[in-house]
J.: 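Below are the structure tokens for one structure; questions will follow.
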Amino acid sequence: FNKMADSPHKDQYKYTGKTLAAATEERAQTQIRLRKENRAEELNKKRFNTDAGAAAPGSDVVPVHLIEEIRARPDYDISTLVPAIMNDADRDMQLAAVHKCRTMLSRQSNPPIDLVIRAGIVPKAVELLYVDTRPDLQFQSAWLLTNILSGTSEQTLYVVNSGVIPALMGLLVSPSIDAREQAIWAIANIAGESADLRDTLLARGLAPMVANSIATEQRQTLVRQAVWLVSNLCRPHARPTDPAILLSFVPLLIPLIQNSVRADPILCTDALWAVTYIADRTPFKIDALVAAGAAPVLVNILQASPDADLLVACLKAITSMQVPSMPQYAQPFIDAGMLVAVKDLFSKKTRICQLALSFLTHICTLSHDNVMRVLRGLLPSILTLCRGPIDVAIEALSVLSNIIIRGTPEQALSVCSAGAVPLIVSRLVDSTKSTNPTLLLKALARLLAIGANGGGRNEVAFSIEENRGIEVLEGLEMSQHHGVSVCAESILKDYFQREPDSEEPVFAAAAAAA
């Protein structure tokens with residue numbers, strides 16, 4: 001820390017040096033950016049059915065000579081395919097044309113979805129889903145529609161309004177496993193679009209149908225698609241899914257997660273996201289998950305899997321099963337060995353480490369026993385993380401702060417003795433990178449209060465001064481963030497009073513003793 005003798009303190013801190021208009025504009029731009037990022041994420045949740053992700057070999061057999069005949073036509077484009085797609089009198093040529101159209105839609109970059117829609121192919125493709133005598137045609141048509149359903153909301157709604165939902169649900173009982181799998185994929189794209197479409201599917205009885213697919217189907221890729229569909233059905237969107245439907249999936253999901261950790265991490269990850277959406281920090285839903293044995297299954301994943309995406313999904317599921325001020329939901333995970341697993345996660349990627357630390361922050365708010373568990377097994381590691389990369393350091397300092405604020409005086413002082421004060425002060429120096437400076441200030445205030453109650457010299461106050469914390473507090477006192485400025489002002493007033501005409505602070509405890 002460098003003393004800021006030559007510059008105003010306020011220039012070093014968040015919310016200062018900006019006009020109200022500038023701060024408002026910055027917030028608005030941030031909100032716009034987040035909305036765009038969220039929309040991009042929503043689109044990415046839809047799966048695009050490319051040739052690389054096709055169904056099992058042998059399911060996509062189209063006579064080569066027919067494909068070559070289509071390709072040989074002059075000025076080959078989508079409009080060239082339309083007559084063949086519309087011609088029910090020649091099913092083989094129709095199949096070849098549908099196949100070619102869906103391969104054009106399978107391009108990852110700029111697929112010609114709007115051109116296909118304008119050509120009038122979508123209603124015909126929906127009609128072809130009913131041609132039970134040609135499961136190969138049903139499969140190719142469902143695949144074509146799946147790729148359109150991977151597009152924008154407007155494109156998805158166009159396909160839905162063309163009557164695709166009943167046709168696809170009819171394919172769920174098709175004798176063709178390829179048609180069944182492709183139908184699930186298409187329906188999952190619809191379910192992931194909005195709460196209205198999700199509820200439309202559920203109103204048609206989709207939940208028991210997809211549950212049956214998970215329980216009875218033998219093809220692993222089909223089961224994987226069905227689990228992804230379940231995760232989309234469980235996503236809250238603008239409003240949550242009917243709780244009864246959510247809970248109906250629990251007996252399927254927990255065993256599936258347990259059995260797929262190593263065999264199919266993608267399936268397991270989707271199942272964990274479904275658990276996250278089901279739990280949603282709601283006690284009666286969490287009760288059902290705990291009763292189904294979720295806690296030891298999820299902790300085992302943390303101990304056994306090296307897959308980063310799987311670990312993130314698992315930690316998110318565990319987080320969704322925690323409720324403030326309700327320790328009964330943390331205890332099953334602690335009993336299953338969560339704290340041992342957490343320590344091993346500290347060496348993983350940043351996001352994994354952050355989520356693991358977030359769990360520790362939560363349990364430290366619940367009881368002194370939990371605080372002691374963290375102190376005994378994890379304090380050295382947490383202190384090390386406080387000195388690490390900023391994103392992880394912030395989470396680690398949140399753990400320390402909650403130990404100080406929620407723990408016993410003895411527990412708080414043990415953290416102080418281990419070096420918490422300089423770590424907290426150094427993070428407050430640049431509060432623009434601290435997500436919660438108020439929490440850190442409250443931790444300092446608790447330590448100071450404990451130190452003042454000990455009689456004699458307040459060692460915490462001296463430690464803050466030695467680490468140039470008074471200058472930091474003076475800077476934060478001028479913060480435009482009300483909570484921050486109030487906390488800083490209170491600490492300075494209560495513990496660091498200045499004598500008139502003196503530059504040196506007189507610690508309040510010492511002044512009172514005098």
Side-chain angles (χ1 to χ4, degrees), residues 40-57 59-60 106 108 142-143 146-147 149-150 172 177-178 180-193 198 206 209-235 246 249-279 289 292 294 297-320 341 345 348-349 351-352 355:
E41 182 180 353
E42 291 302 306
L43 289 176
N44 286 336
K45 287 180 184 292
K46 289 185 171 186
R47 293 191 178 167
F48 198 76
N49 203 176
T50 64
D51 288 323
S59 62
D60 186 26
S106 293
Q108 289 283 9
W143 191 339
T146 300
N147 286 346
L149 290 165
S150 72
L172 294 180
I177 192 170
D178 296 328
R180 295 198 302 273
E181 179 174 348
Q182 198 60 55
I184 288 173
W185 200 324
I187 291 170
N189 275 351
I190 296 171
E193 180 57 42
R198 176 202 66 200
L206 177 62
M209 296 178 74
V210 69
N212 181 68
S213 296
I214 293 172
T216 62
E217 291 286 2
Q218 299 300 310
R219 181 186 283 180
Q220 188 69 8
T221 54
L222 190 154
V223 176
R224 184 187 296 169
Q225 298 305 326
V227 171
W228 178 56
L229 170 54
V230 168
S231 74
N232 278 350
L233 293 174
C234 295
R235 284 174 60 205
L246 292 176
F249 292 128
V250 171
L252 280 172
L253 289 171
I254 302 305
L256 197 65
I257 290 169
Q258 185 173 21
N259 296 327
S260 62
V261 176
R262 292 181 178 84
D264 194 335
I266 296 175
L267 183 154
C268 190
T269 298
D270 285 333
L272 286 166
W273 281 110
V275 168
T276 300
Y277 302 140
I278 290 171
L289 288 162
V297 170
L298 299 189
V299 172
N300 178 66
I301 292 173
L302 300 181
Q303 295 171 331
S305 177
D307 186 285
D309 290 339
L310 186 55
L311 290 174
V312 168
C314 185
L315 286 164
K316 293 290 284 186
I318 292 171
T319 300
S320 74
L345 297 177
K348 304 289 185 181
K349 291 182 177 180
R351 185 58 180 150
I352 295 169
L355 290 168

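Residue numbers count from 1 along this sequence. Bear in mind that the values here come from a model prediction, so they are computed numbers and not experimental data. Computed from heavy atoms alone, side chains included, the values below leave out hydrogens, waters and symmetry copies.
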J.: State, with a plain yes or no, whether a side-chain heavy atom of I254 is found less than 4.5 Å away from one of V275.
T.: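 In contact.
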J.: Answer yes or no: is there a donor N or O on one side and an acceptor on the other, between the side chain of D270 and the main chain of V227, under 3.5 Å?
T.: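 Between the backbone of V227 and the side chain of D270 there is no qualifying donor-acceptor contact (under 3.5 Å).
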J.: Is the shortest heavy-atom distance from the side chain of L252 to the side chain of V230 under 4.5 Å?
T.: no
J.: Quick one: does any side-chain atom of R351 pair with a main-chain N or O of A308 as donor and acceptor, under 3.5 Å?
T.: no
J.: Spell out, as yes or no, whether a donor-acceptor pair under 3.5 Å connects the side chain of T216 to the backbone of N212.
T.: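 Yes, T216 side chain to N212 backbone: donor-acceptor pair under 3.5 Å.
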J.: Any side-chain heavy-atom pair from L206 and L172 closer than 4.5 angstrom?
T.: yes
J.: Given L267, which of V261, I214, V223, I257 fulfils the side chain to side chain contact (heavy atoms under 4.5 Å, CB included) condition?
T.: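 Output: one option passes, namely V223.
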J.: Run the numbers on N147 and S106 for side-chain hydrogen bond (donor to acceptor under 3.5 Å, both in side chains), then give the verdict.
T.: CA-CA 7 Å; N147 286 346; S106 293; 3.0 Å; yes
J.: Got a second to check how far T221's OG1 is from I266's CD1, nearest 0.5 Å?
T.: 11.0 Å
J.: State, to 0.1 Å, how close F249 and C234 come at their nearest heavy-atom pair, and which atoms those are.
T.: CD1-SG, 3.9 Å
J.: Indicate yes or no: at least one non-hydrogen side-chain atom of W185 is less than 4.5 angstrom from one of W228.
T.: yes
J.: Which distance, rounded to the nearest 0.5 Å, do you find between the CG of D309 and the SG of C314?
T.: 12.5 Å
J.: Give, for atom CG of L289 and atom CD1 of I318, the distance between the pair rounded to the nearest 0.5 Å.
T.: 12.0 Å
J.: Quick one: closest heavy-atom pair of L149 and A186, and the distance?
T.: CD1-O, 3.7 Å
J.: Sort and list the pairs that fulfil side-chain hydrogen bond (donor to acceptor under 3.5 Å, both in side chains) and have at least one residue in residues 250-266, not counting sequence neighbours.
T.: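 The answer is Q220-D264, R224-D264.
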J.: Can any side-chain N or O of N232 pair as donor or acceptor with the backbone N or O of A191 at less than 3.5 Å?
T.: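 Checked: no pair found.
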J.: Over all heavy atoms of both residues, which pair between L246 and I278 is shortest? Give the atoms and the distance, please.
T.: O-CD1, 3.6 Å
J.: Any side-chain heavy atom of C268 within less than 4.5 Å of one from I301?
T.: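 Yes; the side chains approach each other to less than 4.5 Å.
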J.: Would you name the heavy atoms of T276 and A313 that are closest together and state the gap between them?
T.: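 It is OG1-O, 4.0 Å.
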J.: What's the spacing between T146 OG1 and Q225 CD if we round to 0.5 Å?
T.: 9.5 Å
J.: Could you work out, with side chain to side chain donor-acceptor pair (under 3.5 Å) as the rule, every residue matching E217, not counting sequence neighbours?
T.: R180
J.: Can you measure from OG1 (T269) to NZ (K316) and round to the nearest 0.5 angstrom?
T.: 14.0 Å
J.: Return the CG to CG distance between L310 and L272, rounded to the nearest 0.5 Å.
T.: 6.0 Å
J.: Taking all non-hydrogen atoms of both residues into account, name the closest pair between R198 and R235 and its distance.
T.: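 Here R198 and R235 meet closest at NH1-O, 2.8 Å.
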